[in-house]
Asker: 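I have a structure I would like to understand better, so I am pasting it below and will then ask my questions one at a time.
Throughout, a chain's letter reflects where its sequence line sits, starting with A, and its residues are numbered from 1.
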Amino acid sequence: SQTIHQWPATLVQPVGSPLSLECTVEGTSNPNLYWYRQAAGRGLQLLFYSVGIGQISSEVPQNLSASRPQDRQFILSSKKLLLSDSGFYLCARQGNDNSPLHFGNGTRLTVT
Amino acid sequence: KQEVTQIPAALSVPEGENLVLNCSFTDSAIYNLQWFRQDPGKGLTSLLLIQSSQREQTSGRLNASLDKSSGRSTLYIAASQPGDSATYLCAVSTGTASKLTFGTGTRLQVTL
């Protein structure tokens, strides 16, 4: 199974509030995990990726952070949300570098 | 920096027609290329993965080709159906951990 669980499905948060989005995956151990953001009218942007527990690489400077406390858990966080953090956040997993990327159903975040 | 372009941005065809979606990328040193489908408000579904050493991949009515030297890929959909209506995205992978660069997609509508 390549099931990816993301929650919540939708979220409305005020500016300055904290954020925690969780992603858990099933399937083979030690997958590559990714956080992408899809803003309205724009393509998917890679935010973070992780090749193992505690290993996080950031792709763009931003107001967000990520953590991987367990092999199959990937968390996206922010201490203080900005309006520009609004978007559709997608978690993805990959078994190895040669296998397809599988996505969760995403979380739509609106910062007001 | 890798850039991925998809043309056309939107396409409307009558049911039963064969169609081709185009994807081009600027850096030919890719690891693999993937085609995805995204339904409104949903995550991405992997359709086809082509390794850099391959020329094409087929799955049912879908056929994807890759010409790495010219930086192009096409997704051919045979005998289109209304259920094929969605946004189709291509993405190329470079380097380790398969960080993907996405195009902005082609929005396809198949009409009755």
Asker: Is there a path of hydrophobic side-chain contacts, each under 4.5 Å between heavy atoms of I/L/V/M/F/W/Y residues, joining B/Trp35 to A/Leu101?
Answerer: no
Asker: Pick one of side chain, backbone, both or neither for B/Leu89, based on which atoms fall under 4.5 Å of a heavy atom in chain A.
Answerer: side chain
Asker: Looking only at heavy atoms, which two atoms of A/Phe88 and B/Lys42 are closest? And how far apart?
Answerer: CE2-O, 3.3 Å
Asker: Between A/Ile75 and A/Ile53, is there a shared hydrophobic cluster once you connect ILVMFWY residues whose side-chain heavy atoms come closer than 4.5 Å?
Answerer: no
Asker: Most heavy-atom pairs under 4.5 angstrom with chain A, which of B/Gly41, B/Gly103, B/Gly105?
Answerer: B/Gly41
Asker: State plainly whether one hydrophobic cluster holds both B/Tyr31 and B/Val4, where clusters connect Ile, Leu, Val, Met, Phe, Trp and Tyr through side-chain heavy atoms under 4.5 angstrom apart.
Answerer: no
Asker: For A/Glu59, is it the side chain, the backbone, both, or neither that has a heavy atom closer than 4.5 Å to a heavy atom of chain B?
Answerer: side chain
Asker: Are any non-hydrogen side-chain atoms of B/Leu100 and A/Leu44 less than 4.5 angstrom apart?
Answerer: no
Asker: Do A/Leu47 and A/Leu109 sit in the same hydrophobic cluster, where Ile, Leu, Val, Met, Phe, Trp and Tyr count as joined when their side-chain heavy atoms come under 4.5 Å apart?
Answerer: yes
Asker: Any chain of hydrophobic side-chain contacts (each under 4.5 Å) joining B/Tyr76 to B/Leu48?
Answerer: no
Asker: Could you give the distance from CG (A/Asn105) to CG (B/Leu44), rounded to the nearest 0.5 Å?
Answerer: 10.5 Å
Asker: State whether the number of non-hydrogen atoms from other residues, nucleotides or ligands found under 6.0 Å of B/Arg61 atom CZ is greater than 12.
Answerer: yes
Asker: Tell me, for A/Gln45 versus chain B, whether the close heavy atoms (under 4.5 Å) come from the side chain, the backbone, both or neither.
Answerer: neither
